[in-house]
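As structure tokens, the structure follows; a few thoughts come after it.
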2 protein chains.
Amino acid sequence: MIETPFERGAPFAGTPSSGESRARAAATRERILDAAERLFAEHGFAGTSLRDITAEAGVNLAAVNYHFGSKDELFLAVVIRRFEPVNRRRLEMLEQAERQADPPRLEDVARAFVQPVVEARDEEGGWSVLPKLMARVVGEPGGWAEKILPLTFGAVAARFLGSLERALPGVPRADLLWGLVFSAGVLSHYLLLGDLIGRITGRWMEEAQAAETVERMTAYITAGLRGLAVSQAHGGREKTGGKRGKQKGKKR
Amino acid sequence: MIETPFERGAPFAGTPSSGESRARAAATRERILDAAERLFAEHGFAGTSLRDITAEAGVNLAAVNYHFGSKDELFLAVVIRRFEPVNRRRLEMLEQAERQADPPRLEDVARAFVQPVVEARDEEGGWSVLPKLMARVVGEPGGWAEKILPLTFGAVAARFLGSLERALPGVPRADLLWGLVFSAGVLSHYLLLGDLIGRITGRWMEEAQAAETVERMTAYITAGLRGLAVSQAHGGREKTGGKRGKQKGKKR
DNA sequence: ACAATTTTCAAACGAACGTATGATTGAAGC
DNA sequence: GCTTCAATCATACGTTCGTTTGAAAATTGT
């Protein structure tokens, strides 16, 4: 049996069919993953302890090591479990945008990027903590972004870049990459600060407002990408192969 | 003598003039603040221990409690010490933009927002970790954003909103606030991911590229704000006073 | 020179951490 | 029914954490 890098106890094709024991194990794993997702979204990786997670999941502390191997592998499992469907939905919307127009309309590309995250739901249909978790991953210290983003976003980024190239012909790919990073920044900041800003402005996240928010971000991102494209057409070309500046501080 | 909330040992007006002892204490505080800034920027609040900081500063572990009171107060001191001059520079550039045109040009407002952060330097004139620290603060779990942003950014935000109102007349203030949040997101993501993306695209941060980056972000933000303004002029008005959706997970 | 104060130091405390382990319980296989 | 295996449990380990404390050193004030 081949073990995935993060679900050690999980049975696979070729093992005996599931019985009560395996159903129980699967239920334990789900509870751990659900609790970990909520707590990692709220408190980050270092701010969440395994005791917090297992207390909220109602399972034994050692269950994390039994099923996932380590805290690191649990975190990775949480992220991959939940990012994958959102990114799949992103690609579906992108493909729909590409079928509807050639090249695709920039606002449709932007909406494909934004909407599946803003409208992510948990399994009961309620608001998910997933957007906050996704937003937080980028800021996690300790090299998590470098490990997770290529894994969970690399292929998606490549597809979006392809669409942007067709929607904004002549713009260098590096600029489009920056445009995608800026767009991700718009989304992330909204997800991290949406609650705080919502309380300040007296507006709360509701389903109706989710749609408005998607449109608001889509408008900003679409115009921003066009503005970037125009400015790069008028401005000087970028230099290549520069040396990196010195960085201080040690890696943990 | 009135103690500030974070520098307990610091002498103030009315105390005896500085002597060697106080110069030594001031040097100790600076070393702690410098080391803490680098480590908090790289590893975040929870991922940085006091032992890390005091080892890098070359001081005794207890010095943190003696001079700052606690780890929380040290973090707050680091943030306020370094954000304030950057925000002051932002306001200077904003005032210059307002003097040059009435209403101010949107790209000048955007540049005033972005440039002081991107071009922040440490005291030796080298690249600062300050941008990364500023970017990271928003993502810090544990209520840091709610505590820090009003303190370090509230007045600055109000001034920028005022300029945006004049540069984009007729746009509701709440939309301008979202626009500012999106703009901050563009900046933050660049600061957090700039190294990673730079390595991917083969371009590194150099001074020449800092200026290009400022222009690139300025172009994106300027166009994005206009796009947002236009879309709100065409789209439906926002509802007010909606109920907040349910949120899961407990506060730590 | 001495007392008082400030600053720094080494060490310790209680709490919490992630990981590991042997024991126990429950389920599967014969 | 018994053996084997999987899953869960209580407990413990070594390490690390932030904070505190009494002692020592340095500085200031008289």
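Proteins come first, then strands; the chains are lettered A, B, ... in the order of their sequence lines, and each starts at number 1. Model, not experiment: these values are computed from the prediction.
Rounded to whole Å, the distance from OH on A/Tyr66 to P on C/dT24 is 18 Å. Residue A/Asn65 contributes atom CG, which lies 7 Å from atom C1' of C/dG18 at whole-angstrom precision. Rounding to whole angstrom units, CZ of residue A/Arg22 and P of C/dG26 are separated by 18 Å. In this structure, the CD atom of B/Glu30 is 13 Å from the P atom of C/dT8, given to the nearest Å. For the pair B/Lys71 NZ and D/dT16 P, the computed distance is 15 Å after rounding to whole Å. Remark: C1' of D/dC17 and NE2 of B/His43 are 16 Å apart, rounded to the nearest angstrom. Atom-to-atom, CZ of B/Phe45 to P of D/dG18 comes out at 8 Å; the value is rounded to the nearest Å. Look at CD1 on A/Ile32: it is 14 Å from C1' on C/dG18, rounded to the nearest Å.
Set against D/dC17, C/dC17, C/dT19, the side chain of A/Ser70 has C/dT19 as its closest nucleotide.
The shortest heavy-atom contact between A/Gly47 and B/Ala46 is N-CB, 4.2 Å. Closest of all the heavy-atom pairs between A/Leu191 and A/Ala135 is CB-CB, 3.8 Å.
Checking the phosphate oxygens (OP1, OP2) of D/dA7, no side-chain nitrogen or oxygen of A/Thr28 falls inside 4.0 Å. The side chain of B/His67 places an N or O atom within less than 4.0 Å of a non-bridging phosphate oxygen (OP1 or OP2) of C/dT8.
For A/Glu37 (side chain) and A/Val129 (main-chain N/O), no donor-acceptor pair under 3.5 Å exists by modelled atom type.
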Strictly under 3.5 Å: I want the nitrogen or oxygen pairs between protein and nucleotides 10-12 of chain D, one per line.
{"residue": "D/dA10", "atom": "N7", "partner": "A/Asn60", "partner atom": "ND2", "Å": "3.3"}

Please produce a list of atom pairs where a protein N or O lies less than 3.5 Å from an N or O of nucleotides 24-26 of chain D.
{"residue": "D/dA26", "atom": "O3'", "partner": "B/Arg24", "partner atom": "NH1", "Å": "3.0"}

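Under the 30°/60° scheme for interplanar angles, the aromatic rings of B/Phe75 and B/Phe40 are found to stand perpendicular.
Side chain to side chain, A/Ser183 and B/Tyr220 meet the donor-acceptor criterion of an N or O pair below 3.5 Å.
Rounding to the nearest 0.5 angstrom, the gap separating the CZ atom in A/Arg136 from the CG atom in A/Leu130 is 13.0 Å. Interatomic distance, A/Ile80 CD1 to A/Leu76 CG, rounded to the nearest 0.5 Å: 4.5 Å.
The pair A/Arg38-A/Asp52 does not meet the salt-bridge criterion, since no charged nitrogen lies less than 4.0 angstrom from a carboxylate oxygen.
In this structure, A/Arg90 satisfies the cation-pi test against A/Phe113, with its NZ or CZ atom closer than 6.0 Å to the six-membered ring centre and inside 45 degrees of the ring normal.
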